[in-house]
Amino acid sequence: MAERYNVAATESKWQKIWEENHCFRAVTDPARPKYYALSMLPYPSGRIHMGHVRNYTLGDVVARYQRAKGFNVLHPMGWDAFGLPAENAARDSHTHPAAWTYNNIKVMKRELQSMGLSLDWEREVATCDPAYYKHQQKLFLDFLKAGLVYRNEAWANWDPVDHTVLANEQVIDGRGWRSGALVEKRLLAQWFLKITAYSEDLLSALPSLDQWPEKVRLMQENWIGKSEGAYVHFAVEGQGESLEVFTTRPDTLFGASFLAISANHPLAQKLAKKDERLAAFCEDCNRMGTSLVEVEKAEKLGYDTGVKAVHPFDPSWALPVFVANFVLIEYGTGAIFGCPAHDERDFAFAQKYKLPITPVVLPSGEDLATFKTMLEAYTGPGTAFNSRFLDGMETEQAIGAAIAKIESLGAGKGTVQYRLRDWCISRQRYWGCPIPMIKCPQCGIVPVPDRDLPVVLPEDIDISKPGNPLDHHPTWKHVSCPQCGGKAERETDTCDTFVDSSWYFVRYCSPHNTELPVDKKDVDYWLPVDQYVGGVEHAILHLLYARFFTRAMKLTGYLKIDEPFTGLFTQGMVCHESYKDDQGKWLYPEDVQKNPDGTATQISTGRPVQVGRIEVMSKSKKNVVDPSSIIQAYGADTARLFMLSDSPPERDIEWSTAGVEGAWRYVSRLWRQVTAPKIPLAPKGARADALSPEALAVRQEIHRTIESFTQDLERFHFNRAVARARELSNTLDTLEASQAGADVVLREGLEVLVRLLNPMLPHITEELWQILGGQTFLTNTDWPAADPIYLVRNTITLAVQINGKLRGTIVVEKGAASQLVEQAAMDEPNVKRTLEGKEIARVIVVPEKIVNIVVRG
RNA sequence: GCGGGCAUGGCGGAAGUGGUAGACGCAUCAGACUUAAAAUCUGAAGUCAGUUCAUGGCGUGCCGGUUCAAGUCCGGCUGCCCGCACCA
């Protein structure tokens, strides 16, 4: 009877049936409650990796579970298909970026389909498809009209390897996020999206995202970086202009001893034209990297320009103006006033350049006389002194008074500063969405009219030359101006690919609308996304951009919502041991054999292998396992179960062969439990006339499992849910034919088990459901409900402690009186023996939990 | 430097609001089935003491505190991980 489970045949059979029956097709239906389950769309790099398997398994469990609960579920998939790797691959392998990309999509789609995901493939979107980016260009133009787009000559992060500029968010430790090259500063004309228009809104809405990880909200908060302070103007002697400074501590203005400006500050640039040494100094500053190591090593260097600035509170007080390497042009105003006594960096700078150090804030409890000889800067709050009209005020009060004074003098104003910069979206690359603008010598910069959208990428490009292929293209950029009809040129920059992924989840709602980016009835129904699942590496970039885009699309009339993602789950990464041969070259795990003594050998050569650290799977370290080979060997259900077992989904997991085999063992066991039960199953729907106590206990266990398994799914405790299912399997195996009703309860238990495990193991459970006589697809079957009758326990096992140490357990009736419980505890043999000759001080009875007997001595 | 997190057997990890620490699994060992192996099934196992059993001591990174009772709460350390970083 026990046929071997034919994984490959069964899995592909059900995948085909689901597809033919359009089981996962989502239809807008305002009469039904909706649930939008979304996993981050993949970049089509070639093959799927284990990170994808984990991400999409988690997302699929959510989607299938919510479907079973009765929601109208939208669970789409698409491709983040633009980006530089396609250009690099095309150049290296003499193909076309589009061909490379679409081929990868084809391969990866097949791989994803073999996972048995409950996706609505009819809504598939590829961001490199003109049918997609046409609407993105439209959005860009709408944002332009709404004042959210501008072009500006600005200091940009230039990646010298990828030959393109990068957004601030894409510079990590001073290096390009993709190329790893040290980023340089260049002054370039770029297109910007005005994300800073929403700085305050993006920040203040964070607390409302209560279904997001605290960690991600904090990261966004820090990234937006709000700080309150004031702009202060210092008149510059002999220059006929003033220098604007941002400070969070206007209360320390009387401790000022110098001003410092960035090498890229307009005043520095102006002065450098007449001062060769200053010009050289500025150049040095720009050459200096911004990486961690360099910043720490770098000395605080300044160049005294000889120019003096006038203190706003005292016209007779002149301060020297330095150009300093530590002042950043991109934060605040690119100029600071230095107060050495109360800022560590200014303190070091003042010591080096022999500038006065005047303390003006007295820490509470300090004596004024002793405090005056400062060995280091004091940055905390205190009482103002040496500060004329501020003297005696506490820091907070002094800040307010200083701002009031500045404002009354017309020397500046109180303000709020954000670290967040506008989003530079220009990329000097081919494989991206063309920015739909035209440069006309007569009319200036003119938008492409809506009727001319999409601006389609040319196919005949020369990718072998360095630089932007669109720029080299002989004809593509030459157009006539839509306003005057004269000769004009297209913008050859393309969009940062993060633009593409900032609204794809919106497009999924109405992917086939050729006229407009969205259909109102669709987006109003489906959005926001109820549960978003993806890697924490997108905590800032993608998630912040998408939140901004949602606001911008609301402003331009497409959406009603502010926040795109109600729930966010960030899963951990998939890790594996890494291996090197005796030459120090990385080896693939499949070429490594672990020996019983803990050493390892290279299979192909028999040479010894160095076992390295357990690290995130990455191609460069070769510590990768190909999901396809696992699915072929064990099936998708096993791979999915492995991803869900053992480790909580937010934590990193280590991929191991033993772990996969453990998952496989359970899948096979489930098969055997249903197809070759130890006792013959009762017929479908049979009822038991009388239940033996054992069978009743198992039935109660079944209902408790429904309860706890469901709660675990709700809370993303998938590893615990798997453990509960295994426990139920163990319990069902204890049933024996001699126990009245065992055959009925066994059937009940197996049916419940199969239904509970369906979101995790969709194929085998669907097959087993049919074997158990299920009339509908399990995919279309409701989630089981626990019967409260069987959740009630009538006896309870209590622990009995003496002085907090466990001495025995007792079984009492539920709701038994405290005196009875206490007596039962005293009568427990081991307790009784231990208590002999001891004086009882008190007895604590916590109903349904514990009895603790406190004895003296 | 700033912000956040984590620390439990050989390993991954369980233990809503303090209340029987170690669920479930991996690896290990023993037994059953088998000519044998694989697969499967049964059982053992935190650690030390106790010949077995009963039982007891010690145990959730370290030190201290609160409590009848602490993995959980509080104070102070140590170690690891993540994010940001010359932010004025």
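In this text the structure is predicted, and so the values were computed from the model without any measurement. Each chain gets a letter, A, B and so on, in the order the sequences are listed, and its residues count up from 1.
Remark: the separation of the C1' atoms in B/A27 and B/G12 is 11 Å, to the nearest Å. Nucleotides B/A88 and B/U8 place their C1' atoms 45 Å apart, quoted to the nearest Å. Comparing the P positions of B/C11 and B/C77 gives a spacing of 29 Å, expressed to the nearest Å. Spacing between B/A85 and B/U66 at atom C1', rounded to whole Å, works out to 39 Å. Nucleotides B/U60 and B/G13 place their C1' atoms 13 Å apart, quoted to the nearest Å. When the P atom is used for both B/G9 and B/G61, the distance is 7 Å, rounded to whole Å. With C1' as the reference atom, B/A30 and B/G22 are 22 Å apart, rounded to whole Å. Spacing between B/A21 and B/A69 at atom P, rounded to whole Å, works out to 14 Å.
One interatomic measurement links the two molecules: CD of A/Glu214 to C1' of B/G5, which rounds to 11 Å at whole-angstrom precision. In this entry the distance linking OH of A/Tyr331 with P of B/A85 reads 13 Å, nearest Å. Nucleotide B/U55 holds its P atom 7 Å from the CZ atom of A/Arg833, rounded to whole Å. When rounded to the nearest whole Å, the span between CZ of A/Arg715 and C1' of B/A14 equals 14 Å. The CD-C1' distance, from A/Glu330 to B/C86, rounds to 11 Å in whole Å. In this structure, the CH2 atom of A/Trp671 is 17 Å from the C1' atom of B/A39, given to the nearest Å. Rounding to whole angstrom units, CZ of residue A/Arg842 and P of B/C68 are separated by 6 Å. In this structure, the CG atom of A/Leu670 is 16 Å from the C1' atom of B/U40, given to the nearest Å.
A/Tyr666 and A/Ser729 are linked by a side-chain donor-acceptor pair at a separation below 3.5 angstrom, with hydrogens and angles left out of the test.
Between the side chain of A/Thr196 and the backbone N or O of A/Arg421 there is no donor-acceptor pair closer than 3.5 Å.
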Check: Dot-bracket for RNA chain B, 5' to 3', counting Watson-Crick or G-U wobble pairs under 3.5 Å, with [ ] for crossing pairs and | for inter-strand pairs?
Finding: (((((((..(((......[....))).(((((.......))))).((((.....))))..(((((..]....))))))))))))....
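At the heavy-atom level, A/Leu218 lies under 4.0 Å from the strands shown only through sugar-phosphate atoms. Using a 4.0 Å heavy-atom distance criterion, A/Asn830 is classed as a sugar-phosphate-only contact. Looking at heavy-atom distances under 4.0 Å, A/Val854 makes contact with sugar-phosphate atoms alone, never a base. Across all strands, A/Lys215 comes closer than 4.0 Å only to sugar-phosphate atoms, never to a base (heavy-atom distances).
At B/C41, one or more side-chain N or O atoms of A/Arg672 fall inside 4.0 Å of OP1 or OP2 (strictly under the cut-off). Proximity of A/Arg651 to the phosphate of B/C81: no side-chain N or O atom is located under 4.0 Å from OP1 or OP2. Between A/Lys678 and the phosphate of B/C41, there is no side-chain N or O to OP1/OP2 separation shorter than 4.0 Å.
Each of A/Ile406, A/Val245, A/Val360 was scored for a side-chain contact (heavy atoms from CB on, under 4.5 Å) with A/Leu253, with one residue passing: A/Ile406.
Partners of A/Phe326 according to the ring pair (Phe, Tyr, Trp, His ring centres under 6.0 Å) rule, which considers only residues two or more places apart in sequence or in another chain, are A/Phe349. Partners of A/Glu839 according to the side chain to side chain donor-acceptor pair (under 3.5 Å) rule, which considers only residues two or more places apart in sequence or in another chain, are A/Arg856. Judged as a salt bridge (charged side-chain N to carboxylate O under 4.0 Å, His left out), and not counting sequence neighbours, the contacts of A/Lys814 are A/Glu848.
With B/G3, B/G19, B/C84 as the choices, the nucleotide that has an atom nearest any side-chain atom of A/Asn222 turns out to be B/G3. Checking B/C84, B/C58, B/C86 against the side-chain heavy atoms of A/Lys805 singles out B/C58 as nearest.
Using a cut-off of 4.0 Å between Lys/Arg side-chain N and Asp/Glu carboxylate O, A/Glu707 and A/Arg704 are scored as not salt-bridged. Here A/Glu200 pairs with A/Lys226 in a salt bridge; the nearest charged N to carboxylate O distance falls below 4.0 Å.
Ring geometry, A/His311 versus A/Phe254: the interplanar angle falls under 30°, so the pair is classed parallel (tilted spans 30 to 60°). Note: A/His542 and A/His538 have perpendicular aromatic rings, judged against thresholds of 30 and 60 degrees for the angle between ring planes. The aromatic rings of A/Trp664 and A/Tyr5 lie parallel to each other, with less than 30° between the two planes, well short of the 60° mark.
RNA chain B is contacted by both A/Thr797 and A/Met219; A/Thr797 maps to the nucleotide lying nearer its 5′ end (nearest heavy atom per residue). In terms of position on RNA chain B, the residue among A/Arg807 and A/Arg345 whose nearest nucleotide sits closer to the 5' end is A/Arg807.
Between the side chain of A/Lys300 and the base of B/C86 there is at least one donor-acceptor pair of N/O atoms closer than 3.5 Å.
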Enumerate, atom names and distances included, each donor-acceptor pair closer than 3.5 Å involving a side-chain atom of residues 570-577 of chain A, sequence neighbours excluded.
from, atom 1, to, atom 2, distance (Å)
A/Glu577, OE1, A/Tyr579, OH, 2.8
A/Glu577, OE1, A/Lys594, NZ, 2.9
A/Glu577, OE2, A/Lys594, NZ, 3.3

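Base orientation of B/G9: syn, since the glycosidic angle falls within 90° of 0.
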Check: How does each nucleotide of nucleotides 23-30 of chain B score, in 5' to 3' order, for protein heavy atoms under 4.0 Å: base (B), sugar-phosphate only (S), or none (-)?
Finding: BSSSS---
